[in-house]
Every structure is written in structure tokens, then in C-alpha cells.
Amino acid sequence: MMLLSSFILIFLSFSYLSLSLPRHYAQVTNNRTYLVKKHKQLLALVGYTLLLASIFFLIYLRGATLGSVYWCAIASVDALILSMVLSYKAKWLRFILL
Amino acid sequence: MKPRFRQSMNWLHTWAGFTFGWLLYFIFITGTVGYFENEIDRWMKPEKQVVHQEINTQQLLNTAETQLNALAAKSTDWYIAFPASRSPFVGISWLQLADKKTNTPRSWQEKNLNPETGDIINVRETAGGETLYRMHYNLHYVPQVVGYILTSLATMLMLVALVTGVIIHKKIFIEFFTFRPKKGLRSWLDIHNIFSVLPLPFHLMITYSGLILLMGITMSTVIDVNYGEGRVNHQKFRKAAHSEIKEQQLINLAPESLNLTTVLADAKTRHPSQKVSFIGLVKRGSAAEHYEIWFDNYHGIHLASSLEYHIKGDKVQLETSKGKAGNAAKLYDFFEHLHEGLFADIYLRWLYFIAGLLGAGMIATGMLLWIGKRNITNNSEHSFRIMSILERANIGVLVGLPIAVAAYFGANRLLPMAMNNRSEWEVHSLFITFIFCIAISLISSAKKAWFTLLSLAAISYSLLPVINLLTTNHSPLKSIISSDWQMLGVDLTLFLTGIVFTISAFIVNKKDMNR
């Protein structure tokens, strides 16, 4: 359960980070919205904050060494899933812009 | 200066990756499968019986001791295995000493016991999961040292390819999640980047630690200079380098009452939260005779230290390891444990497995890119022919290897039980199939080779659970009822792999139709 929540946490953080990039922002929003600089920085900030939180969360759960191993492993799979979602089902990510 | 630097790094990346590409692919596939060594081993030894209930420890110790006395009275080292998380069985193992008269080599023997009756279970002769995972660094057919050196060389070039890959990737952050489908080589490059960049921590760790693990062989001249040449001198080095800090304490146990039962009871009171995996009687009959207790618990990434019970005069001395003495040995252990991932629970094990597959995918896409790029720029008749052969051989290797692994599984079920050198023939089946697949690929066109081999892979993987059912009566349903999760897991994974190959074959076929 704890692992599942860190899995989701890292996925969310990666999603925000990807949305701070113009290419992926356009993919998700269908080019209708223009990504202004302020908005972009906000998305990146949220993304990095969640990313940092997820690292601390796993280290808190499993200790420094094992926690980092878990983080790297989960992050790899999360990033893979996200890249596939962005390519084929980008609209699924709209919910996080609310 | 800068563009030239990137260009030369590009060259280095291309050739470092290409030179040992196929060998690296072999290493990554067999090594990745090795993360499920115990599970595969269980699948390949279907006669073993899973322990369901709490076992009667005393009864097990008694029967195990009787069996060991009958089978291995002369052996110096005895071990009794208790059910552990990744090995829910009971068994005995012993060191069989070399005997020149009967021409038996020194080797470890292992027998499984029936948890209810204590009788020895006759397990089929099989190479098992261990041989499959060892292939990724000893390459099986070549002498051990040659295997170590070849894999180390490939690993070194892999590390070069990883580092140069990071340097030449211009938009590593901007294109972190980017995949642009249906754009020809561009899409392949995107996929190659996704397979490489996302699990980069894993790739770097596994490659670097792989190099470290074999440094005793590859850097042996360093040992030669300081300790002298030869096996005996190298062992001296190993002993010195890996010396441990040991904590010794005299305990309240009479030497005459020291036996398997009292040792086990003492260990359990000292570490009530840890599960015992092995109890050993080591160096029997010598002055250094002692008992060992091993635990099935990990502290972080390290195995919980084992306990040793020695007789010292009229007292019993308990010895515990407090870790390696030297910092170099500590670092070596750190990388070894990270590489092997023995500490990983089932979730992390799967993540390790996926990361390993991504690594294999990275190498595979790298090879496809190498060939794809040259196919475009090639003009002359001669080089066209060479590229065409390389292209088809590459398909044979990439898809043929998974089929060969399936053949290894299949051989375990289908070869006659009484066959001579049965376990060796399982390995032969793997390599014969591998060569066969490359041959098929070479005699057909590239498009056809993709479809033929992917279909072959789909059929062979989907059939394996069926073959298992027909030859051993281990159906998935039976596995659920008898809570035989390892058997069920391997069966399901094989079937799922079959489905993935089926889908790939359909996609390839559809693409050809559209063209």
C-alpha cells in the first residue's frame, strides 16, 4: 500500500514536470492554451516539490539505501508509463491541471 | 571544439555499443531472468513439495540428521534447510569430498525432503535456475576465466557507451518523456532514449557493479604483484581483503549438550524476530568443528549476520560477524548486493526485472538503429549485401534468444527422465534453438524473419504452461489450491510473455499488410 502510494506520488510529480515542458503541455491541452511563463514555473515547482517529497517518503519508509533503490526503480517504471500515456492518451492527464 | 567533441563521443558511443552488442544482449536477458532464479528453479523441479503448515522442527532435525548420516557420513560440511520466503521447502545439503578411487569430484550435493514423511524426494536431473543465471557471466561453454574476461570487456564497453550516451544526448531533460510514434528512425531513437535514460540509475549501477564483481579476475595482475601468482596466493589476498570484524562471547551452554537442537533453540531466543533458513554443522571431525545458523532476513540490502557456535575448552563461544573490516570490502559488498538484488521483496524484484528488460531493450534498439542508419546511407552493392546479412542475423539474435530460453524451459519437461547428462542437454537445447533461430532469420527476408520468429516465440511461450500441465499435473488451479505461488507465478509469466509476443507478431504483420 505504501509502495502504491509512492508509485502514484512519483507519477504525479513526473506528470507536473512533463506539463511544464511546452511540447507535452500542448499534447495534453490540445494546443488551445498558451503556456505562459508563470504557469510553467508553477507546474515545475509543484513537480519538483512532489518529487522531493516522494524521495523523503521512501527513505522514511525503508531507510536511506533501500529507499533510494526503491525510488530509482519506481521512478523508472513511472517515467516509462508516463511517456506512453503522453504519446497515446495525453488527454488522460487533463485532470491534474484543475 | 564542442561540436567536434560531441562528434567523437558519438563515434565512441556507436562503436562501443555495437562491438559487443549481441553479447551484451545475451548478458542482459539471461541476467534479468536470473532475478527469478529461485522461482525458475522451483518450476524446473516440479517434484519438490511446498511446506504448508508450521513444521515440527525437532522432527525435521531428527530425520535430516538420520538422512545425512546415511548419505554423507564422511562429508565435512552438513546443512539443513528450513522453509524460507523464496524457498518454501525443507532439505539437506552436504559437501561431497573428492574421491580419486570412484572418480567423484568435490561438489555440493542437495536433496529435498518430503515435509510430512521426511523421505528424500527424487527430483529430476536439471540444470535449473542457477545454470541459466550463471550463463550471464560464465557464458557456459568457454573456460570460466575466458567467460569472466569476455563479459568484463563487454561490460567495460557498456559503461563507455552509457557515459558517452549521456554526453551526446542533447536534450536529455526536455525529451525525458518524449516518444514520437510513426516517424521511422526518429521513433526508434526516442524508444532507445526512453529505455536508456529513464532507468539510467539501474543501468549505471548494474554495469559498474558488474565490472567490480569480476575485478579479482580482470585486475589479477595487481594481486600478482602484491601477493604472488597462483590460486593459493590469490586466496590469501581474498582472505585479507574480505576479513570480517567478529564479535565473540562465551555463552551459557555446556559443550557436551551442544547439538543441532540446542543451537537452534539458543539462536531463536537470541533473535526471536528472525527466521532461520539454514543450520549447519561445519568442518565435522576437525578441531574447528562448529555449528552455524543462517537467517532469512535482510537488514537494508545486507543479509542478517549468521551465528557460529564453537567449543572453546569447557565453554561454548558464540561468534557473530559485525561486517567487513576494510572499507574496500564494504564498498564491494554494497555493489555486490545491489547487483544481485537478493534483498528485494517481490515488488522490488519485479522492478529489478523490468529495469533489466529495459536494458535489454536499450541494447536491442541500439542495434536496430545502428543497422537502420547504415541501410539508409548505403549505396554500393557490396556493402548492401553485408548490411542485409547483418540485419537478418540481428533479428535472429534479438528474437531468437527469448525463444532459446523457452526451449530451455521446454527441454526440462520434454527430455527423457533417464537421459544421460540430462542437465547438460537442457543447455544444449537452448543454444541449438538459438542457432536454429538465427539460421531461419538468415534464410528469409527481414520482414518475414520478424513475423516468423515472433510467432514462434508466441507459440513456444504460450505452450509452456500447457506442457507443464500435461507432463507434471501442475495446473494453475492446483498451484492456487496448494499455495504454490512460485509455480503459479512462473506459469503465468510465461503465458503473459506468450501473449506479448503474439501481440507483437500481429502488429508486425499488420504493418506489412499496410505497406
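Proteins get letters first, then strands, A, B, ... in listed order; numbering begins at 1 in each. This is a predicted model, so every value here is computed, not measured.
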(Q) Could you tell me if the side chain of A:L66 sits less than 4.5 Å from the side chain of B:Y298, heavy atoms only? (A) no
Q: Output the distance between atom OG1 (B:T178) and atom CG (A:L86), rounded to the nearest 0.5 Å.
A: 8.0 Å
Q | Between CD1 on residue A:I74 and OH on residue B:Y347, distance to nearest 0.5 Å | A | 11.5 Å
Q: Counting only heavy atoms closer than 4.5 Å, note whether B:I191 contacts chain A via side chain, backbone, both or neither.
A: side chain
**Q.** Residue part contacting chain B, namely of A:L80, when any heavy atom lies under 4.5 Å
**A.** both
Q. So does B:W485 have more than 12 non-hydrogen atoms from other groups sitting under 6.0 Å from CH2?
A. yes
Q.
Within the supplied structure, the quantity of interest is the number of heavy atoms (other residues, nucleotides, ligands) at a distance under 6.0 Å from A:M2 CE; does it exceed 12?
A. no
Q) When rounded to the nearest 0.5 angstrom, what distance separates CZ in B:F176 from OG in A:S18? A) 11.0 Å
Q) CZ of B:F177 to OG of A:S87: how many Å apart, nearest 0.5 Å? A) 11.5 Å
**Q.** Atom of B:L351, atom of A:V77 and distance for their closest heavy-atom approach
**A.** CD2-CG2, 3.5 Å
Q. Would the number of heavy atoms belonging to other residues, nucleotides or ligands and lying under 6.0 Å from CZ of B:F495 be above 12?
A. no
Q | Side-chain touch B:L348/A:Y70, heavy atoms, less than 4.5 angstrom | A | yes
**Q.** Parallel, tilted or perpendicular: rings of A:Y88 and B:F179 (30°, 60°)
**A.** tilted
Q. Is B:K324 atom NZ crowded by more than 12 heavy atoms from other residues, nucleotides or ligands, each under 6.0 Å away?
A. yes
Q: Check each atom of B:L200 against the heavy atoms of chain A and say whether the ones under 4.5 Å are side chain, backbone, both or neither.
A: neither
(Q) I'd like to know which of B:A355, B:A344, B:P181, B:G341 tops the heavy-atom pair count under 4.5 Å against chain A. (A) B:P181
Q: Please name the pair of heavy atoms, one in A:S76 and one in B:P199, separated by the smallest distance, quoted to 0.1 Å.
A: OG-CA, 3.3 Å
Q: Determine whether B:E175 and A:L21 make a side-chain contact, defined as any pair of heavy atoms from C-beta on separated by less than 4.5 Å.
A: no
Q. Taking atom CZ of A:R23 and atom CZ of B:R180, what is their separation to the nearest 0.5 Å?
A. 4.5 Å
